[in-house]
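Order of the sequence lines fixes the chain letters, A, B, ..., with proteins taken first and strands second; residue numbering starts at 1 for each chain.
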Protein chains: 2
Amino acid sequence: MNLRERKKQRTRDALLRAAMELFATRGYEETTVDDIAAAVDVSQRTFFRYFAGKEEAAFYVPRLAETQVVEAVRARPPGEAPLEALRRAVLESWDTISETIEEIVPVELHMRVYRVIESTPALLAAHLRRAAELEEELARIIAEREGLDVDADPRPRIVVALFGGVIRVTERLWSAGDDLSLEGMRQLTATYLDQVGPALAGNWRTGQSP
Amino acid sequence: MNLRERKKQRTRDALLRAAMELFATRGYEETTVDDIAAAVDVSQRTFFRYFAGKEEAAFYVPRLAETQVVEAVRARPPGEAPLEALRRAVLESWDTISETIEEIVPVELHMRVYRVIESTPALLAAHLRRAAELEEELARIIAEREGLDVDADPRPRIVVALFGGVIRVTERLWSAGDDLSLEGMRQLTATYLDQVGPALAGNWRTGQSP
DNA sequence: AGGCTAATGACAGCCACTGACAATTGACAA
DNA sequence: TTGTCAATTGTCAGTGGCTGTCATTAGCCT
């Protein structure tokens with residue numbers, strides 16, 4: 001790697017860290033791009049050469065996680081039922097995700113930024129849009145696994161929509177609660193996915209849930 | 001109603017219509033607030049006194065529809081299973097929705113704007129955030145119907161997430177296709193909701209779908 | 001060493017949005 | 001009807017995100 005390349009990498013990292021640190025402490029809206037650039041001692045223009053916008057800095061790490069989930073789903077054996085494949089892929093990819101993150105920024109910082117994302121309207125909106133794109137991708141993968149046409153058969157998109165919905169509900173609960181550990185999230189996700197069947201049963205009065 | 005009130009109403013209507021017309025023809029990003037204000041011959045500042053931002057103008061009509069759905073769910077008899085109640089409420093509220101819209105703007109204009117919302121990243125993001133808020137509200141209603149605590153029992157949020165997911169999938173398909181009639185949308189929604197059961201079944205090879 | 005190219009900074013400008021203040025216009029009572 | 005009060009609006013100035021342009025700097029390669 002060149003000196004040039006290394007320098008670029010360092011600038012990018014510094015900008016990312018400074019941005020995340022500022023978002024996490026001061027808040028997203030309260031942080032200006034000038035603040036971030038000043039913290040790294042580069043011009044505002046340089047920031048925009050590395051990130052398309054403030055938003056992109058906030059979502060840099062979450063994007064890594066998404067990529068990993070997609071690949072985990074792709075790697076699932078074709079025999080599994082769709083919902084089962086999705087479930088296992090997510091739970092499994094969280095084992096490796098923290099290491100991936102730690103290579104870039106402290107996981108703890110990521111978690112604090114994640115909370116900011118969930119509690120900042122503009123960021124939450126962007127997050128949901130990304131999630132929708134992810135779902136579309138997953139639907140295609142599922143359809144292919146099952147040898148179906150996504151645009152002709154509604155079922156791939158429906159399972160994925162259901163699955164995505166459950167994930168989002170747990171994300172929200174998790175980020176709002178106190179237990180920010182990965183294990184807590186795993187637990188929550190597993191519990192909620194287990195409730196999918198019962199939730200669809202007609203009669204909810206039979207048997208309460210945790 | 002005062003002359004003053006009437007004048008305000010007229011200005012608001014004119015701004016809304018001008019905004020929607022411009023969004024639908026020129027596109028959202030390509031329309032500046034100055035354009036909208038100029039079309040109505042008021043100052044830019046006045047626009048911001050009626051709408052919190054460009055976005056709010058785009059979502060003014062869709063918000064009406066959302067309100068109506070929420071009320072339709074509230075009006076459902078308590079005996080129905082949750083998913084059934086949601087299904088009936090949505091299908092039913094679409095009967096009345098076009099009249100409500102027509103009081104404000106031509107339905108055809110609304111449809112064109114809706115397509116713009118679905119195809120403009122910034123607007124789609126905002127739309128999904130609103131949808132998430134709506135789902136939270138519906139989950140609370142469902143929980144109350146069933147005499148449950150939303151924060152203790154996951155099932156209300158899960159059904160609603162599933163339902164919301166299906167709705168969003170159909171919205172997208174509908175807005176991307178050619179048949180922009182309400183009847184087409186009803187049909188699509190009913191079909192997709194009917195596929196929820198089959199989609200969750202383990203084995204998709206038994207019996208193809210339309 | 002010196003020319004080439006990529007990265008950066010400085011500057012100007014667009015657009016969404018906000019606060020402050022002055023001018024206008026309808027409402028209402030004397 | 002007129003004068004006063006309050007609401008509506010326009011103007012102006014300013015902030016922040018973001019982009020294009022151009023000159024300058026700094027690493028690369030012969």
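Toward the 5' end of DNA chain C, the nearer of the two residues B/Leu3 and B/Ala52, judged by each one's closest nucleotide, is B/Ala52.
Using a cutoff of 4.0 Å between basic side-chain nitrogens and carboxylate oxygens, A/Arg172 and B/Glu136 are scored as salt-bridged. Ion pairing between B/Arg140 and B/Glu144 fails under the 4.0 Å rule for side-chain N and carboxylate O. Salt-bridge formation is detected for the pair B/Arg168/B/Glu135: a Lys NZ or Arg NE/NH1/NH2 atom is positioned less than 4.0 Å from an Asp or Glu carboxylate oxygen. Electrostatic pairing of B/Glu84 and B/Arg76 does not count as a salt bridge here, judged by no charged N lying under 4.0 Å from a carboxylate O.
To the nearest angstrom, C1' of D/dG27 lies 11 Å from CZ of A/Arg6. Going from atom CZ of A/Arg45 over to atom C1' of C/dC11 covers 11 Å, rounded to whole Å. Per the geometry, CZ belonging to A/Phe47 stands 18 Å off P belonging to C/dA10, to the nearest Å. Atom CG of B/Asp41 is separated from atom P of C/dT24 by 16 Å (rounded to the nearest Å).
Proximity of a side-chain donor or acceptor of B/Glu102 to a complementary backbone N or O of B/Val107 within less than 3.5 Å is detected.
Looking at heavy atoms from C-beta onward, B/Ile36 lies in side-chain contact with B/Leu22 at the 4.5 angstrom threshold. Residues A/Arg87 and A/Glu80 have side chains not in contact (no heavy-atom distance under 4.5 Å, counting atoms from C-beta outward).
Remark: A/Asn2 is in phosphate contact with D/dC28, judged by side-chain N or O atoms under 4.0 Å from OP1 or OP2.
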- Could you please spell out the steps behind the side chain to side chain donor-acceptor pair (under 3.5 Å) verdict for A/Thr191 and A/Asp194? CA-CA 5 Å; A/Thr191 307; A/Asp194 285 339; 5.8 Å; no

Pick out the pairs of N or O atoms, protein on one side and nucleotides 5-8 of chain C on the other, that lie under 3.5 Å.
unit_1 : atom_1 : unit_2  : atom_2 : d
C/dA6  : O4'    : A/Arg4  : NH2    : 3.3
C/dA7  : OP1    : A/Lys8  : NZ     : 2.6
C/dT8  : OP1    : A/Tyr50 : OH     : 3.2
C/dT8  : OP2    : A/Tyr50 : OH     : 3.0

Contact list (N/O, under 3.5 angstrom) for nucleotides 14-16 of chain C vs protein:
unit_1 : atom_1 : unit_2  : atom_2 : d
C/dA16 : OP1    : B/Thr31 : O      : 3.4
C/dA16 : OP1    : B/Lys54 : NZ     : 3.1
C/dA16 : OP2    : B/Val33 : N      : 3.1

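Within residues 115-130 of chain A, no residue approaches DNA chain D, by heavy-atom distance under 4.0 Å.
The ring-ring contact (aromatic ring centres under 6.0 Å, His included) pairs that include a residue from residues 170-196 of chain B are B/Tyr114-B/Trp174, where partners are two or more places apart or lie in different chains. For residues 80-102 of chain B, there are no ring-ring contact (aromatic ring centres under 6.0 Å, His included) pairs, not counting sequence neighbours.
With sequence neighbours left out, the side chain to side chain contact (heavy atoms under 4.5 Å, CB included) criterion links A/Glu99 to no other residue.
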